[in-house]
Number of protein chains: 2
Amino acid sequence: MEVMGGKWKSCILYELEKGSKRPSELHRHFENTSPRVINQQLKELEIHGMIEKTIFPELPPHVEYSITDDGRSLIPIIRMLEQWGDSFRPKMTRILEKTETTE
Amino acid sequence: MEVMGGKWKSCILYELEKGSKRPSELHRHFENTSPRVINQQLKELEIHGMIEKTIFPELPPHVEYSITDDGRSLIPIIRMLEQWGDSFRPKMTRILEKTETTE
DNA sequence: TCATATACGGACAAATTTATCCCTATGTCC
DNA sequence: GGACATAGGGATAAATTTGTCCGTATATGA
């Protein structure tokens, strides 16, 4: 949970599993989240070896993040969670309706 | 993640999947965690319909928590996470050694 | 009467996570 | 020069989660 539990980590892994991406692409993809926050999640994923950072020594700077084999080994779990969430969402919606009532 | 991501939730589901238990049994099982915290997690799991609470109208009070079908549907995911964690733990240990260095 | 057991929860503190604000630096185009 | 793009991070605030302390109530047994 420490490795994949961050608020955006599973989403980032999910995106990178489809192909390597530059930071700016990821920032555009998560438009409702500040770049800073995504960078933090990327850094932790990198420290844990779930993703890899490649720096192309060019100007302007060019960086790419790609998923590693260890990161890819989390994808089946992420998909299971996704499917479970999809199937449970209707019930969850009803639960939230009961709880939040106006408030 | 909101449903099963709590610090003790997957552990509680794991225990209840083995059989219904009384709150005091669970408190004894998680001896390093205060009963209050376990109660909070139980309450949330109950609200989300992952566990069920049965009150026996006796004195002294007798309560039992049991896992529901929805809760049971999370068990395969919890097991996958457990297996992934077991297999990744050696690498994780090395990563933590590098990071924490004395500090 | 006092200690134990059952089960629960309010008020608060501590810790952790997430988010915002603003700054660095370099280069291109108008 | 000014606007934009690239990639990044320090300082700090806000929000959430986790944990502690102490209280409720009832009943049993020493």
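Every heavy atom of this structure was used, including side-chain atoms; hydrogens, water molecules and symmetry mates were not.
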*Indicate the atoms forming the closest heavy-atom contact of A/Gln41 with A/Lys7, along with that distance.*
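Nearest heavy atoms, A/Gln41 then A/Lys7: OE1-N, 3.7 Å.
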_If I compare all heavy atoms of B/Leu42 with all of B/Ile51, which pair ends up nearest, and what's the gap?_
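Distance-wise, the nearest heavy atoms are O-CD1, 3.4 Å.
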_Judged by each residue's nearest nucleotide on DNA chain C, which is more toward the 5′ side, B/Tyr65 or A/Gly5?_
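Result: B/Tyr65.
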*asked:* Does anything in residues 37-52 of chain B form a salt bridge (Lys or Arg N to Asp or Glu O under 4.0 Å)? List the pairs, not counting sequence neighbours.
replied: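 As it turns out, the salt bridge (Lys or Arg N to Asp or Glu O under 4.0 Å) pairs with a partner in residues 37-52 of chain B, which skip direct neighbours, are B/Lys9-B/Glu44.
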_I need the full list of salt bridge (Lys or Arg N to Asp or Glu O under 4.0 Å) pairs touching residues 76-85 of chain A, with sequence neighbours left out, sorted by first then second residue._
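Found A/Glu17-A/Arg79.
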*asked:* At a heavy-atom distance below 4.0 Å, what parts of residues 15-23 of chain A sit against DNA chain D?
replied: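 Only A/Arg22, A/Pro23 qualify.
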How about [X]: does its [atom1] atom have over 12 heavy atoms from other parts shown lying under 6.0 Å from it?
X	atom1	answer
A/Glu58	CD	yes
B/Phe30	CZ	yes
A/Tyr14	OH	no

*Please find the earliest and latest nucleotides of DNA chain C, in the 5' to 3' direction, that have an atom within less than 4.0 Å of any heavy atom of chain B.*
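Boundary nucleotides touching chain B, in 5' to 3' order, are C/dT6 to C/dA11.
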Measure from the side-chain N and O atoms of [X] to the backbone N and O of [Y], and report whether any donor-acceptor pair falls under 3.5 Å.
X	Y	result
A/Glu25	A/Arg22	yes
B/Ser20	B/Glu64	no
B/Thr68	B/Met50	yes

*asked:* Base, sugar-phosphate or nothing for A/Glu44? Non-hydrogen atoms, less than 4.0 Å.
replied: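 A/Glu44: no heavy atom of the nucleic acid under 4.0 Å.
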*asked:* Rounding to an integer number of Å, can you tell me how far A/Phe56 CZ sits from D/dA7 C1'?
replied: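 Rounded to whole Å, this separation is 14 Å.
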*Could you state the CG-P distance from A/Asn39 to D/dA11, rounded to the nearest angstrom?*
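It works out to 17 Å between those atoms.
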*Look at A/Lys43 and D/dG9 and indicate whether a side-chain polar atom (N or O) is within less than 4.0 Å of OP1 or OP2.*
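It does, given that an N or O in the side chain of A/Lys43 lies less than 4.0 Å from OP1 or OP2 of D/dG9.
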*Which pairs with one or both residues in residues 26-38 of chain A pass side chain to side chain donor-acceptor pair (under 3.5 Å), sequence neighbours excluded?*
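Checked against side chain to side chain donor-acceptor pair (under 3.5 Å) - neighbours excluded - the pairs reaching residues 26-38 of chain A are A/Glu15-A/His29, A/His27-A/Asn39.
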*Tell me, for nucleotides 19-30 of chain D in 5' to 3' order, what letter each nucleotide earns: B for a base near a protein heavy atom under 4.0 Å, S for only sugar-phosphate near one, - for neither?*
BB-----SS---
